[in-house]
Number of protein chains: 2
Amino acid sequence: MGKPGTSERPTLTSDAGFLLARAGGKAIRSLNRALEPYRLRSRHYTVLMAVSERGGLSQRELGELLGIDPSAVVALIDDLSAAGFVRRDPHPEDRRTRLVMLTDAGRDAFTQATELAARMEDDLLAPLTPEERGTLVDLLRRITR
Amino acid sequence: MGKPGTSERPTLTSDAGFLLARAGGKAIRSLNRALEPYRLRSRHYTVLMAVSERGGLSQRELGELLGIDPSAVVALIDDLSAAGFVRRDPHPEDRRTRLVMLTDAGRDAFTQATELAARMEDDLLAPLTPEERGTLVDLLRRITR
DNA sequence: TATTGTTATACTCTATAACTATA
DNA sequence: TATAGTTATAGAGTATAACAATA
């Protein structure tokens with residue numbers, strides 16, 4: 001039986017950590033493949049998603065929101081900026097801070113990338129019913145906060 | 001409303017791919033931290049788990065089962081072999097193949113590592129009820145096959 | 001003193017190609 | 001010819017420390 005929480009012997013099909021890592025890796029790889037035409041990778045896509053959702057974030061806020069190291073944020077914004085998808089605007093009150101803004105081209109690219117991402121997510125979640133997909137998202141959201 | 005499968009606009013709290021990648025990364029990082037005393041990383045742990053579950057696998061089978069590239073399997077088995085946790089036994093009928101066997105020391109290490117892993121998994125899944133944990137494992141298993 | 005962004009760096013992970021020894 | 005394991009290597013991801021400008 002065992003006390004609650006101390007499982008007897010983990011197996012490949014019962015270990016939540018392994019299954020999470022495996023599913024996460026699969027999601028990243030398929031998204032990377034889907035975004036190849038745009039010369040973007042999944043990290044870039046999540047940045048566009050964040051900036052699209054809440055424009056005018058500082059790089060620090062962006063990194064915190066996405067769980068990305070500040071030094072990695074620099075490189076990502078460099079890429080997106082070179083592609084013309086985001087701008088670094090000065091913060092009106094703090095000259096250290098730079099606010100990341102989505103450009104019109106960035107909004108277009110994100111809209112198109114969203115189509116591809118949705119199709120790949122549909123593929124990934126194909127074995128699940130719509131209700132189960134909602135359940136999965138809810139459970140994942142609750143363990144990643 | 002929109003057709004099923006084509007979601008309107010993905011957000012950071014609704015995108016299954018992002019949430020999966022985030023949760024997977026979190027699981028890997030906490031397991032790595034938990035295994036530090038054993039000088040093992042999460043990949044080593046999953047190999048031990050696989051070999052413990054189904055002893056005598058070839059390296060190719062191991063890689064396939066775990067979704068690890070054959071060249072990476074070599075390095076992992078090198079590490080575990082140097083630590084005395086697994087052996088490479090000759091295949092009785094095919095001299096190309098090497099069967100990976102768990103040693104007694106490997107079984108002990110895995111048993112102890114399992115304790116740490118269970119505690120970290122318990123931490124990770126703390127926000128979920130036991131029933132929800134089961135649901136999560138079931139959903140993940142079905143999308144990673 | 002502390003914080004934002006940046007650079008440099010290192011280590012892990014992932015993936016590919018080429019080689020060897022066997023089949 | 002094809003396969004199992006191996007080596008070498010390169011690219012991406014992750015993390016740390018140190019620095020300049022600013023607060």
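Lettering follows sequence order; numbering is per chain, from 1.
Spacing between atom CD of A/Glu36 and atom C1' of D/dG11 amounts to 13 Å, rounded to whole angstrom units. Protein atom CG of A/Asn32 is 11 Å distant from nucleotide atom C1' of D/dG13, rounded to whole Å. If you measure from atom CG of A/Asp78 to atom P of C/dG5, you get 13 Å, rounded to the nearest angstrom. When the P atom of D/dA4 is taken as reference, atom CG of B/Leu99 falls 12 Å away, rounded to whole Å. Put simply, CG on B/Leu76 is 17 Å from C1' on D/dA4, counting in whole angstrom units. Across the protein-nucleic acid pair, A/His44 atom NE2 and D/dG11 atom P stand 16 Å apart, rounded to whole Å. In this entry the distance linking CD of B/Glu61 with P of D/dT3 reads 15 Å, nearest Å. Between B/Glu64 atom CD and D/dG5 atom C1' there is a gap of 15 Å when expressed in whole angstrom units.
A salt bridge links A/Arg142 with A/Asp138: the closest approach of a Lys/Arg side-chain nitrogen to an acidic carboxylate oxygen falls below 4.0 angstrom. Look at A/Arg54 and A/Glu61 and you find no salt bridge, because none of the NZ, NE, NH1 or NH2 atoms lies under 4.0 Å from a carboxylate O.
Note on B/Arg60: a side-chain N or O is less than 4.0 Å away from OP1 or OP2 of D/dA4. OP1 or OP2 of D/dG11 has not a single side-chain nitrogen or oxygen of A/Arg41 nearer than 4.0 Å. Look at B/Arg88 and you won't find any side-chain N or O under 4.0 angstrom from OP1 or OP2 of D/dG5. Contact check, B/Arg29 against D/dA15: a side-chain N or O comes under 4.0 Å of OP1 or OP2.
The main-chain N or O of B/Gly84 is found under 3.5 Å from a side-chain atom of B/Thr103 such that the two form a donor-acceptor pair. Of the possible donor and acceptor atoms, none in the side chain of B/Arg107 sits under 3.5 Å from a partner among the backbone N and O of B/Ser52. Within the 3.5 Å criterion, the main-chain N or O of A/Ser42 finds a donor-acceptor partner in the side chain of A/Asn32.
Residues B/Ile28 and B/Leu66 do not share a hydrophobic cluster, clusters being chains of Ile/Leu/Val/Met/Phe/Trp/Tyr side chains in contact below 4.5 Å.
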Notebook entry, point to check: If the sugar-phosphate is the primed atoms plus P, OP1 and OP2 and the base is the rest, what is the B/S/- string for nucleotides 17-23 of chain C, using protein heavy atoms under 4.0 Å?
Noted result: ----BBS

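B/Phe110 pairs in a ring pair (Phe, Tyr, Trp, His ring centres under 6.0 Å) with only one of the listed residues (B/Phe85, B/Tyr45, B/Tyr38), which is B/Tyr45.
Of the two residues near DNA chain D, B/Ser58 and A/Gly67, the one whose nearest nucleotide lies more 5' is B/Ser58.
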